[in-house]
Protein chains: 2
Amino acid sequence: MTAVETLTYPDPAAACDLASRNAERGALVTLFGTCTVEYEGRAASSLGPGDRHVMLKPDGAALVHTDEGQQPVNWQPPGCDHSVTVDDGTLVVRSTRSTPDESLEVAFETVAHAAAFDVSDSADLALTGTEADLKERILETPALVEEGFTPLATERETAAGAVDVYGEDSEGRTVVVELKRRRVGPDAVGQLGRYVEALERDLHADSEVRGVLVAPSVTDRARQLLARKGLEFVAVEPP
Amino acid sequence: MTAVETLTYPDPAAACDLASRNAERGALVTLFGTCTVEYEGRAASSLGPGDRHVMLKPDGAALVHTDEGQQPVNWQPPGCDHSVTVDDGTLVVRSTRSTPDESLEVAFETVAHAAAFDVSDSADLALTGTEADLKERILETPALVEEGFTPLATERETAAGAVDVYGEDSEGRTVVVELKRRRVGPDAVGQLGRYVEALERDLHADSEVRGVLVAPSVTDRARQLLARKGLEFVAVEPP
DNA sequence: GACTTAATGTCGGTA
DNA sequence: TACCGACGTTAAGTC
């Protein structure tokens, strides 16, 4: 049975005991209450008093959530060291790391709830509909790119990075395929352009290299950019 | 006082009551227990049984967290409709939206803990060290770009998008400045290149346009790309 | 709603 | 560890 330990309206000392003891143990700890948050590292931020939900994960991640937004208002990535203390009667959670030097400090005016959960999770997420799946589809049915297209390699290295699918057309010309699982903008065109240029330099100067962007759709600007650079677009819906 | 309602090891009906009643009220609801998660929308995913922490926010966001990672293993963005029901004796949380059509379903084998929190948070995050701050710094001290640089506009529109800082050098040549708060790779060079090309087309064909990338540092590939495109780099540390 | 870009992006793979 | 690109990226500002 998944073990749970909770306290409602604990005093700072009791909340500190629960949090630090369980975090040490490798449990997932949550705290809810009125707090301020200070962050300093790659950037710096300050957040005045308000009610927030703080989560300390066994892997060293820390998350501070407000009532709004999918993203935490403040956080610390996995690998950080957490400490929970009582300073001058207030509960303070600190999470720090080096490389880069970053620190997060949550100071609780009041703690409304503290909880610790024993988490056991061995399951892996099975995700489909990614770019990797699109690549599989192209390799299975190369004609989706164009009749007579022959894939020769995936992740082929160039001076500009790895090409998604590398192959040749029915006339034997080199074809670079860049895959995107969703509608693309100018950035993807630039990426494809860099691969094409790199291959034109790598291979002989005389060899023509075609660049094909495979995606569900493109924006106007991206289409213009493709035209200007002599690159092509093929619409392929994701699986 | 921030109101809190909690249940430890509730039966499905009690957990459902707490969750649905409080979510309806605009409270932040959390559930912890053994569950499976199914997602379908832009992509699709399936997650076998394991212990997870589920958060339902008043703005319609939903987050499913495992013991690892800063990011939730599954989620739903703000604006979704949540429902909590008991189906065949198991607690099921559903979160859906349209445009795009997406659904998330969390089915609890057992619920170890359920909680609801009244959240009141009016504070705004004060963040410094962003690209906007770097722009301010450049406008205050244009010599950081180069002696004699004169900013003329920010966010100047071009056919390729808005330029961070637009100005001219001591010789009257047009200068496009692209700012990055951190070390940059090839993508930022491509971005700058698009702006320069667009301005060279917009302005007269004879007018030379300089492109300057302002960032703490660049990668090797980015530096080579800059050289090949005739673009420049100026190292500026963030504030 | 679509488009473009920033982000303390995060995350995973690879050299 | 740095680099590079994908991500169900998300979020913000603009049109």
Side-chain angles (χ1 to χ4, degrees), chain A residues 37 39-45 61-64 68-80 97 99-104 125 127-135 155 157-158 160-164 178-188 190-192 194-195 217-222 238, chain B residues 39-45 61 63 68-79 97 99-104 125 127-135 155 157-158 160-164 178-188 191 194-195 217-222 238:
Chain A
V37 188
Y39 154 75
E40 195 163 339
R42 290 165 291 174
S45 74
L63 302 168
V64 182
E68 292 184 339
Q70 177 177 149
Q71 299 301 134
V73 64
N74 279 112
W75 69 90
Q76 205 67 298
C80 291
R97 65 162 171 164
T99 60
D101 245 301
E102 292 200 298
S103 70
L104 179 70
L125 184 74
L127 180 66
T128 61
T130 64
E131 185 182 298
D133 295 312
L134 178 55
K135 175 164 34 174
E155 307 305 322
E157 278 301 331
T158 74
V163 166
D164 285 342
E178 173 62 27
L179 305 171
K180 292 294 170 193
R181 64 174 303 283
R182 63 172 196 176
R183 185 172 172 84
V184 297
D187 52 340
Q191 197 183 337
L192 175 58
R194 292 199 297 276
Y195 297 146
S217 59
V218 290
T219 66
D220 266 354
R221 275 223 258 266
Chain B
Y39 154 75
E40 194 162 341
R42 289 166 292 173
S45 75
L63 302 168
E68 290 184 339
Q70 179 178 146
Q71 298 302 133
V73 65
N74 278 112
W75 69 91
Q76 206 65 300
R97 65 161 170 165
T99 61
D101 244 300
E102 293 200 297
S103 70
L104 180 71
L125 184 74
L127 179 67
T128 61
T130 64
E131 185 182 298
D133 295 312
L134 179 55
K135 176 167 27 175
E155 306 306 323
E157 278 302 330
T158 74
V163 166
D164 284 343
E178 173 62 28
L179 305 170
K180 292 293 169 194
R181 66 173 303 285
R182 61 172 198 178
R183 184 173 174 84
V184 297
D187 52 339
Q191 198 182 338
R194 293 200 298 278
Y195 297 146
S217 58
V218 290
T219 66
D220 266 356
R221 274 223 258 265

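Computed from a prediction, not measured in an experiment: that's the story for all the values here. Naming: A, B, ... by sequence-line order, numbering from 1 per chain.
- The side chain of B/Ala43 sits closest to D/dG8 out of D/dG5, D/dA6, D/dG8.
- As a whole-Å value, the separation of A/Leu192 CG from D/dA6 C1' is 16 Å.
- Closest to the side chain of A/Arg194, from the set D/dG5, D/dG8, D/dA6, is D/dG5.
- Bounding nucleotides for the chain A contact on DNA chain C, 5' to 3', at a heavy-atom distance below 4.0 Å, are C/dC3 to C/dC11.
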Look for any protein N or O under 3.5 Å of an N or O in nucleotides 13-15 of chain D and output each such pair with its distance, or none.
none

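- In plain terms, the two heavy atoms of B/Leu179 and B/Leu134 that are nearest each other are CB-CD2, 4.0 Å.
- Straight-line distance from the CG atom of B/Leu104 to the P atom of D/dG8: 14 Å, rounded to whole Å.
- Partners of A/Ala61 under the side chain to side chain contact (heavy atoms under 4.5 Å, CB included) rule, at least two apart in sequence or in another chain, are A/Lys57, A/Asp59, A/Pro78.
- Residue A/Pro78 is classed as a sugar-phosphate contact, given heavy-atom separations below 4.0 Å to backbone atoms only.
- Annotation: side chain to side chain contact (heavy atoms under 4.5 Å, CB included) contacts of B/Ala188 (sequence neighbours excluded): B/Lys180, B/Val184, B/Leu213.
- Rounded to an integer number of Å, the gap from A/Gln70 CD to D/dG8 P is 11 Å.
- With rounding to whole Å, B/Arg97 atom CZ is found 13 Å from D/dG8 atom P.
- The separation between A/Arg182 atom CZ and D/dA6 atom P is 11 Å, rounded to whole Å.
- The line from CZ of A/Arg97 to CG of A/Leu104 is 11.0 Å long, rounded to the nearest 0.5 Å.
- Applying the side chain to side chain contact (heavy atoms under 4.5 Å, CB included) test to B/Ala162 and every residue at least two apart in sequence or in another chain returns B/Glu155, B/Glu157.
- Under the salt bridge (Lys or Arg N to Asp or Glu O under 4.0 Å) criterion, B/Arg42 pairs with B/Glu102, not counting sequence neighbours.
- Residue contacts for B/Pro77: at a heavy-atom cut-off of 4.0 Å it reaches a base atom on one of the strands shown.
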Please tabulate the protein-to-nucleotide N/O contacts below 3.5 Å involving nucleotides 1-4 of chain D, giving atom names and distances.
residue, atom, partner, partner atom, Å
D/dC3, OP1, B/Arg183, NE, 3.0
D/dC3, OP1, B/Arg183, NH2, 2.1
D/dC3, OP2, B/Arg183, NE, 2.7
D/dC4, OP1, B/Arg221, NE, 3.1
D/dC4, OP2, B/Thr219, OG1, 2.8

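- For the C1' atoms, the distance from C/dA7 to D/dG5 is 16 Å, rounded to whole Å.
- For the pair B/Gln71 and B/Gly129, nearest-nucleotide mapping onto DNA chain C gives the more 5' position to B/Gly129.
- What separates CG of A/Leu134 from C1' of D/dG8 is a distance of 15 Å, to the nearest Å.
- Considering only residues two or more places apart in sequence or on other chains, B/Thr219 meets the side chain to side chain contact (heavy atoms under 4.5 Å, CB included) condition with B/Arg183, B/Pro186, B/Arg221, B/Ala222.
- A donor-acceptor contact under 3.5 Å is not formed by the side chain of B/Asp187 with the base of D/dG5.
- B/Asp133 pairs by the side-chain hydrogen bond (donor to acceptor under 3.5 Å, both in side chains) definition with B/Thr130, not counting sequence neighbours.
- Residue contacts for B/Gln191: at a heavy-atom cut-off of 4.0 Å it reaches the sugar-phosphate backbone alone, with no base atom in range.
- Scored by the side-chain hydrogen bond (donor to acceptor under 3.5 Å, both in side chains) test, B/Thr158 finds no partners at all (sequence neighbours excluded).
- Of the two residues contacting DNA chain C, namely A/Trp75 and B/Glu178, the nearest-nucleotide position lying further toward the 5' end is that of B/Glu178.
- Taking all atoms of both residues into account, the shortest heavy-atom contact from A/Arg181 to A/Gly129 is NE-O, 2.7 Å.
- Of the P atoms belonging to C/dT5 and D/dG8, the separation is 22 Å, rounded to the nearest Å.
- Of all the heavy atoms in A/Ala43 and B/Thr128, the pair that sits closest is CB-O, 3.2 Å.
- Atom CD of B/Gln76 sits about 7.0 Å away from atom OG of B/Ser103, to the nearest 0.5 Å.
- Atom CG of A/Asn74 and atom P of D/dT10 are 20 Å apart (whole Å).
- Among the atoms of the strands shown, none is found under 4.0 Å from any heavy atom of A/Gln76.
- With sequence neighbours excluded, no residue forms a salt bridge (Lys or Arg N to Asp or Glu O under 4.0 Å) with B/Glu131.
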